[in-house]
Amino acid sequence: MTTAHPNTQSIVDAVAIATENLASTNLDDYGMLNILTSTNHLIGLVQNLKDNHGFIYLTDLCGSHYPERIGAEFEVVYHLHNLVENHRVRIRVHLPENNLSIPTLVNLYSGANWMERETFDFYGIQFEGHPNLKRILNMDEMDYHPLRKQYALEDETRDDKNNTFFGR
Amino acid sequence: MVKIGEAPEGIEGQGFFATSLDKAIGLARANSLWPLPFATSCCGIEFMATMGANYDLARFGSERLAFTPRQTDLLMVMGTIAKKMGPVLKQVYDQMAEPKWVLSVGACACSGGIFDTYSVLQGIDRIIPVDVYVPGCPPRPEQIIEGLMKIQELAKNESLRRRNSDEYKKMLESYNIETAE
């Protein structure tokens, strides 16, 4: 069942203006507005949503990796919340593996600081303009970005586990 | 009368009791172990029950917990140790004065447990030497007490020369732990 928030249409219109119609919008199964945009339009779009549509809260910011999606292997997902009207939107930006760079949102939401560091830590996505882009959760000596799909989840230093029995 | 420890073998007569220094010191050490609880997860909760009135670790002379490594002689590691936590744990061990013992409580501290993953240390014995392992996920307080009693046995029967032996120094060096001269 799709139950769109009353203001969804005005946001769709605002997205169209802010992105010169280059972003696509759709509602997911739960009535949440999805916006797929590009790195060029991200800041303008988020600024517009924050200033003119009451999305003053950045709920979450994360990355994901789809190795099979050639040319858009990585993705950064932003969840914004309008606390007054209790309205949420999801913004996604695709990134190609050879250019993992996206502008930072720290100037708009201070809370983006650590979330962007986390996304950098696990996926190696570069947030341009971030004041302190370094690892936050993993140990500083780690030399890879562990949530990329090419790396095994398991600890690779173990030699006492038989792959047949442990599903490794 | 509360009896804390069995008297060691010795020669007893009217008004005196003679035994070896090893045994007297071992008896004192074993019944006054000061633990440093390094509790990071659910095994730490079981340890809290172990410390509580029902199980009462104080019966073994170990009621004096301290979070300062310089005053303690039993490091109790209870819970998952992330690789990022490893250097901290090693530093705590380094700061403890000899003689010191290490009790590894629970599957995670012993082997990484279910967390066979890039961020978790696969057993604390990769960075510090362990004296007694307590299995379980998490172990019940009775098992933790059993582990402590095994440590007591080690402390009681340890030769006073052991910590100065070449074998012991080699063991520490194999963990890249500096030995004081």
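Please read these numbers as outputs of a predicted model, since none were measured by experiment. A note on names: the letters A, B, ... follow the listed sequences, proteins ahead of strands, and every chain is numbered from 1.
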Take a 6.0 Å sphere around [atom1] of [X] and say whether it holds more than 12 heavy atoms from other residues, nucleotides or ligands.
{"X": "B:K150", "atom1": "NZ", "answer": "no"}
{"X": "A:E68", "atom1": "CD", "answer": "yes"}
{"X": "B:E167", "atom1": "CD", "answer": "no"}

Next item on the list: May I ask you to list the residues in residues 64-89 of chain B that approach chain A closer than 4.5 angstrom, counting heavy atoms only, ordered by number?
Entry: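 Residues in range: B:K83, B:K84.
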Notebook entry, point to check: Do any of residues 117-127 of chain B have a heavy atom less than 4.5 Å from a heavy atom of chain A, and if so, which, in residue order?
Noted result: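 When heavy atoms of chain A are the reference, residues 117-127 of chain B contributes B:T117, B:Y118, B:S119, B:V120, B:Q122, B:R126 within the under-4.5 Å range.
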Next item on the list: Taking the six-membered ring of B:W101 (Phe, Tyr or Trp), confirm whether the NZ or CZ of B:R163 is under 6.0 Å from its centre and within 45° of its axis.
Entry: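 Satisfied, under 6.0 Å and within 45°.
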Notebook entry, point to check: Would you say B:V102 and B:I144 are hydrophobically clustered, going by side-chain heavy atoms of ILVMFWY under 4.5 Å?
Noted result: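 Different clusters: B:V102 never reaches B:I144 through Ile, Leu, Val, Met, Phe, Trp or Tyr contacts under 4.5 Å.
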Notebook entry, point to check: Cluster question for you: counting only ILVMFWY and a side-chain heavy-atom cut-off of under 4.5 Å, with indirect links fine, are B:V92 and B:I128 together?
Noted result: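 Same cluster: B:V92 reaches B:I128 through Ile, Leu, Val, Met, Phe, Trp or Tyr contacts under 4.5 Å.
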Taking all heavy atoms of [X] and all of [Y], pick out the closest pair and write down the distance.
{"X": "B:P129", "Y": "B:M171", "result": "CB-SD, 3.4 Å"}
{"X": "B:P141", "Y": "B:E46", "result": "CD-OE1, 3.2 Å"}
{"X": "B:K100", "Y": "B:D94", "result": "NZ-O, 4.0 Å"}
{"X": "A:R158", "Y": "B:S111", "result": "NH1-O, 2.9 Å"}
{"X": "A:F127", "Y": "A:P103", "result": "CD2-O, 4.3 Å"}

Notebook entry, point to check: Are any of the side-chain heavy atoms of A:L61 and A:H79 separated by less than 4.5 Å?
Noted result: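 Contact flag for A:L61/A:H79 side chains = no.
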Next item on the list: Check whether any side-chain heavy atom of A:V12 sits under 4.5 Å from a side-chain heavy atom of A:L33, and report yes or no.
Entry: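 A:V12 vs A:L33: side chains touch.
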Item checked: Residues of residues 132-151 of chain A near chain B, each having a heavy atom less than 4.5 Å away ->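 So the qualifying residues are A:I136, A:L137, A:N138, A:M139, A:M142, A:Y144, A:P146, A:L147.
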Notebook entry, point to check: Can you pull out the residues in residues 38-57 of chain A with any heavy atom less than 4.5 Å from chain B?
Noted result: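 Within residues 38-57 of chain A, no residue comes under 4.5 Å of chain B, counting heavy atoms only.
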Note to self: Can you see whether A:T157 engages A:D155 through a side-chain donor-acceptor pair at a distance of less than 3.5 angstrom?
What the structure shows: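 Checked: A:T157/A:D155 side chains pair up, N/O donor to acceptor below 3.5 Å.
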Notebook entry, point to check: Is it the case that B:E98 and B:Y168 place a side-chain donor and acceptor less than 3.5 Å from each other?
Noted result: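 There is such a pair between these side chains.
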Next item on the list: Using the side chain to side chain contact (heavy atoms under 4.5 Å, CB included) rule, pick out the option among B:V105, B:L148, B:V134 that qualifies with B:Q143.
Entry: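 That would be B:V134; it is the only one of B:V105, B:L148, B:V134 passing the side chain to side chain contact (heavy atoms under 4.5 Å, CB included) with B:Q143.
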